Amino acid sequence: MTLVDLEDLRAAQRRIAGTAVRTPLLPCPWAEDGGRRLWLKPESLQPTGAFKIRGATNRLAALTDEERARGVVAQSSGNHAQAVAYAARRLGVKAVIVMPDTSPAVKIENTRAFGAEVVIVTAEERDTVPAELAAAHGYVWVPPYDDPYIVAGQGTVGLEIAEDAPDELDTVLVPVSGGGLISGTAAALKLACPGVRVVGVEPELAADAQQSLRAGVRTAWPVADTYRTIADGLRTPSVGVLPFEHITAYVDDIVTVSEDEIRSTVALLARRGRLVAEPSGAVAPAAYFHRAGELGGRVFAAVVSGGNLDPALLAGLLAT
């Protein structure tokens with residue numbers, strides 16, 4: 001299986017320019033701890049509130065005229081949904097998005113607001129209904145992570161970190177769900193600055209990627225297990241086939257964080273970092289604050305992957 005290379009990543013960077021934002025790498029002096037330093041990559045500042053706009057834009061920009069005329073279908077709990085809807089509207093492409101009934105209301109509303117047709121299904125149907133719609137209507141399927149254009153698009157996060165990071169950067173923390181973000185980011189970092197360690201982070205309640213990497217075999221967890229975590233964007237039962245190849249090649253380790261650690265980090269980022277992060281977006285910084293003994297390292301960058309959360313949830317987490 002062919003891994004994305006620097007040429008693929010640079011091509012993606014050109015395609016997404018003007019649609020995705022080049023987010024800053026923010027120093028966090030308030031997070032210094034015993035000689036450790038932290039920088040945050042706030043993908044929550046993207047137009048759709050998450051990094052997913054990068055991969056979706058790269059994939060849709062590469063469609064042929066015939067494919068654009070057919071329209072696209074995608075499945076997502078929210079962030080990929082919004083990204084595909086947004087990119088499709090900018091390109092004049094019809095988008096149908098399949099979303100599980102457990103998706104946060106704010107994400108469903110935002111997806112519709114970007115002009116997509118939303119189809120609500122059960123969590124178990126999320127990955128089967130898109131194929132049925134594609135077969136029935138001729139839509140082009142835009143997968144959330146198992147696609148080289150998606151991986152390359154998400155990998156522009158890593159290119160930007162490599163270009164903006166301080167020389168002393170030694171560890172980059174990236175959340176893991178289906179694996180598109182960590183695959184592309186790890187490839188970009190290992191190819192552009194090979195001395196940097198890339199560590200994935202996921203909830204303890206959805207630790208299929210950690211199990212897969214350590215066993216050397218792609219492993220799936222039951223949906224009933226992964227859907228226990230508050231980090232709704234990280235409930236995918238397994239990483240994709242193509243992402244797993246990238247993870248095996250480029251990722252140094254994967255660590256997990258607890259539900260309480262995720263919750264407290266959402267509140268900490270809001271109070272001290274002045275950043276709104278959804279639980280999935282707080283997972284990577286949570287490892288910096290709660291897993292220092294497992295990580296090693298001194299100078300970190302952590303990807304805040306998204307900020308699309310229900311205001312009531314944020315208020316509740318800030319109140320605790």
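Only this structure's heavy atoms are used, side chains among them; waters, hydrogens and symmetry mates stay out. Everything numeric here is computed off the predicted structure, so don't read it as measured data.
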**Q** Among all residues two or more places apart in sequence or in another chain, which pass the salt bridge (Lys or Arg N to Asp or Glu O under 4.0 Å) test with Asp260?
**A**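 Here no residue qualifies.
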
**Q** Just to verify, which of Thr48, Ile97, Val142 counts as forming a side-chain contact (heavy atoms from CB on, under 4.5 Å) with His80?
**A**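 Of all the options given, the one that passes is Val142.
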
**Q** Closer than 4.0 angstrom, basic N to acidic O: yes or no for Arg218 and Asp208?
**A**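 No salt bridge links Arg218 with Asp208.
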
**Q** Walk me through it: do Gln13 and Thr156 pass the test side-chain hydrogen bond (donor to acceptor under 3.5 Å, both in side chains)?
**A** CA-CA 6 Å; Gln13 197 170 45; Thr156 58; over 6 Å; no

**Q** Between Glu66 and Arg70, is there a side-chain N and carboxylate O pair less than 4.0 Å apart?
**A**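 Yes, this pair counts.
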
**Q** Would you say that Val239 contacts Val176 through its side chain, given a criterion of any heavy-atom pair below 4.5 Å between the two side chains?
**A**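 Result yes, sub-4.5 Å side-chain heavy-atom pair found.
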
**Q** For salt bridge (charged side-chain N to carboxylate O under 4.0 Å, His left out), just list the numbers for Arg36 and Asp170, CA-CA rounded to whole Å, side-chain angles, deciding distance to a tenth of an Å, and then say yes or no.
**A** CA-CA 11 Å; Arg36 296 190 312 150; Asp170 56 46; over 6 Å; no

**Q** Asp164 versus Trp39: any side-chain heavy-atom pair under 4.5 Å?
**A**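 No - every pair of side-chain heavy atoms lies 4.5 Å or more apart.
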
**Q** Can you confirm whether Pro47 sits close enough to Val21 that some side-chain heavy atom of one is under 4.5 Å from a side-chain heavy atom of the other?
**A**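 SC-SC contact between Pro47 and Val21 confirmed.
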
**Q** What do the steps show when you test Glu202 against Ser177 for side-chain hydrogen bond (donor to acceptor under 3.5 Å, both in side chains), and what is the final call?
**A** CA-CA 7 Å; Glu202 61 185 345; Ser177 182; over 6 Å; no

**Q** With distance as the sole criterion, is a donor-acceptor pair present between the side chains of Gln154 and Thr185 under 3.5 Å?
**A**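 No donor-acceptor contact under 3.5 Å links the two side chains.
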
**Q** State, with a plain yes or no, whether a side-chain heavy atom of Trp141 is found less than 4.5 Å away from one of Asp147.
**A**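 Of all side-chain heavy-atom pairs linking Asp147 with Trp141, none is under 4.5 Å.
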
**Q** Just do the side chain to side chain contact (heavy atoms under 4.5 Å, CB included) check on Val118 and Lys107 with the steps written out, would you?
**A** CA-CA 11 Å; Val118 175; Lys107 295 184 178 182; over 6 Å; no

